[in-house]
Amino acid sequence: MTATALQQPADFQRDLLAWYHANRRQLPWREEPSLYRTVVSEFMLQQTQIKTALPYFHRWMEALPDFAALAAADEATVLKLWEGLGYYSRARNLQRLARAYVALPEPPTTPDAWRALPGIGPYTSAAITSIALGYPAACVDGNVVRILARLTADGTSYRDSATAAKAYTPLAESVLNRDEPGDHNQAMMELGATVCHRRSPLCTICPVRKHCAACAAGAPEEFPKLEPKKIERIAITRAWCERDGALLLHRASAKSRRLANLHELPDASTLGLPTAAVVAAPVLAVKKRGITRYAITETIVRLDAPATVDANAELVWVPRDQLDDVTLSGPHRKWITALLANT
DNA sequence: AATACGGGGCG
DNA sequence: CGCCCAGTATT
């Protein structure tokens, strides 16, 4: 069984938009909109909730107010502004986008043209062109999938969110209000974020309840059906090495697939020490974190760095009083700060 | 500790 | 299409 069209799309659009106009949250990129602010906000809101992104957005706009400033900035400045938001390739892609954008003869106007820029996929191209340019493209993010699955009580099981988004795109396009695509898209996502929650949705106050098959059936939480993702457990031993008031950090190369140009405590297994020395090292902390499909346990141990680390270009000694100048992953920033305060 | 939220890149 | 990116906040 697959999702079917809505019975009264025009009524749905009207009810949704009326609710949005009365209930939209005041957000900086809505109150003072621009193409650049839309682009930056959409990058920050990939994988990140609004509340988390807000302080970063303000700081970013102050430092890099337009495409030209972003294009001209040092990558280190960009990463530092992003520190703590995670998924750092977003920041690198955003700057790559700015550099490509300022080199264009004129701004792209269609989703396909935006899609060709770094960091822009189906969702973000629709968001930018509809919100900033009034182009009639439907956004399909997790919120929209959830709403559409419930409206149609679509019991199809999808293997992951990307597959579901693709499957719902035709329906999303058919429901789109082509006169006000930006507000329509924002209304869908706003409804998903504030009313049509994954768990315990607020059906009693839902403006489109009368269009919703899942609500009528009394089982909104059953939709959408997504297969549970399997989590892999990983254990890493991290080395805490100090020498002459400096801390040893691993700086991933610019080409690294993850954490490019970011710093973390080194993986102890890369220091060339005998396994026995690592195993016997005093444990300073045991930390757990989750990321995408991994559950990672990181054990931080105190070690004496061998002289060979000085020949490794990715290992750098950072004086304690200069740690604020480098960009660390969010968790490592927190752990290092705490461990330094402890000693 | 468990739950909730969540797009794009790349081969 | 399948796998990977190396997360924050709340309860």
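Across dG8(B), dA1(B), dT3(B), the shortest atom-to-atom separation from the side chain of Arg199(A) is found for dT3(B). Of the candidates dC5(B), dG8(B), dG7(C), the closest approach to any side-chain atom of His197(A) belongs to dC5(B). Closest contact between the side chain of Lys288(A) and the listed nucleotides dA1(B), dC5(C), dG7(C) involves dA1(B). Distance from the side chain of Arg293(A) is smallest to dC4(C) among dG6(B), dC4(C), dG9(B). Taking every side-chain heavy atom of Gln46(A) into account, dG8(B) is the closest of dC5(B), dG8(B), dC5(C). You'll find that the side chain of Arg198(A) is closest to dC5(B), out of dC4(C), dC5(B), dC5(C).
A gap of 23 Å separates the C1' atoms of dA9(C) and dG8(B), to the nearest Å. Taking atom P on both nucleotides, dT11(C) is separated from dG6(B) by 16 Å, rounded to a whole Å.
One can place NZ of Lys287(A) at 15 Å from C1' of dA1(B), the figure rounded to the nearest angstrom. Look at CZ on Phe43(A): it is 15 Å from C1' on dC5(C), rounded to the nearest Å. To the nearest angstrom, P of dA1(B) lies 10 Å from CZ of Arg233(A). Rounding to whole angstrom units, CD1 of residue Ile291(A) and C1' of dT8(C) are separated by 10 Å. Distance Ile231(A) CD1 to dA1(B) P: 15 Å, rounded to the nearest Å. Nucleotide dG6(B) holds its P atom 6 Å from the CG atom of Asp141(A), rounded to whole Å. Between Arg90(A) atom CZ and dC10(B) atom C1' there is a gap of 18 Å when expressed in whole angstrom units. The interatomic distance linking Leu259(A) (CG) with dG9(B) (P) rounds to 18 Å, in whole Å.
Contact annotation: Arg257(A) does not reach the phosphate of dC4(C) (side-chain N/O to OP1 or OP2, under 4.0 Å). For the OP1/OP2 pair of dG8(B) and a distance below 4.0 Å, the side-chain nitrogens and oxygens of Asn93(A) include no atom meeting the criterion. For dC1(C), one of the phosphate oxygens OP1 or OP2 lies less than 4.0 angstrom from a side-chain nitrogen or oxygen of Lys166(A). Using a 4.0 Å cut-off, some side-chain N or O of Lys51(A) falls inside it from OP1 or OP2 of dT10(C). Dashed line: the shortest gap from a side-chain N or O of Arg289(A) to OP1 or OP2 of dT8(C) is not under 4.0 Å. Distances shown here put a side-chain N or O of Tyr294(A) below 4.0 Å from the OP1 or OP2 atom of dC5(C). Checking the phosphate oxygens (OP1, OP2) of dC5(B), no side-chain nitrogen or oxygen of Thr52(A) falls inside 4.0 Å.
Toward the 5′ end of DNA chain B lies the nearest nucleotide of Gln49(A), the other residue of the pair Pro122(A) and Gln49(A) mapping further downstream. Residues Asp160(A) and Thr48(A) each lie close to DNA chain C; by heavy-atom proximity, the contact nearer the 5' end of the strand is made by Asp160(A). Closest-nucleotide positions on DNA chain B for Gly121(A) and Cys196(A) were compared, and the one nearer the 5' end corresponds to Cys196(A).
Using cut-offs of 30° and 60° on the angle between ring planes, the pair Trp29(A) and Phe57(A) is perpendicular.
Residue contacts for Tyr123(A): at a heavy-atom cut-off of 4.0 Å it reaches the sugar-phosphate backbone alone, with no base atom in range. Nucleic acid contact class of Arg146(A) (heavy atoms, under 4.0 Å, all strands): sugar-phosphate only. As judged by a 4.0 angstrom heavy-atom cut-off over every strand, Arg92(A) is placed among residues making no nucleic acid contact. In this structure, Leu262(A) reaches neither bases nor backbone, as no heavy-atom distance under 4.0 Å exists between it and the strands shown. At a threshold of 4.0 angstrom between heavy atoms, the contacts of Gly290(A) include nucleobase atoms, whether or not backbone atoms are also involved. Looking at heavy-atom distances under 4.0 Å, Thr163(A) makes no contact with the nucleic acid at all.
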Intermediate values then yes/no, side-chain contact (heavy atoms from CB on, under 4.5 Å), Leu315(A) and Leu249(A): CA-CA 6 Å; Leu315(A) 294 177; Leu249(A) 295 179; over 6 Å; no
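Salt-bridge check for Glu190(A) with Arg30(A): passed, with a basic side-chain N closer than 4.0 Å to an acidic carboxylate O. Salt bridge Arg251(A)/Glu264(A): absent, no basic N to carboxylate O contact under 4.0 Å. Under the 4.0 Å criterion applied to side-chain N and carboxylate O atoms, Arg59(A) and Glu62(A) are not assigned as salt-bridge partners.
Checking each of Arg238(A), Lys288(A), Lys287(A), Lys334(A) against Glu298(A) for a salt bridge (charged side-chain N to carboxylate O under 4.0 Å, His left out) leaves exactly one that passes, namely Arg238(A).
The neighbour count for Asp11(A) CG, taken as heavy atoms of other residues, nucleotides or ligands under 6.0 Å away, is above 12.
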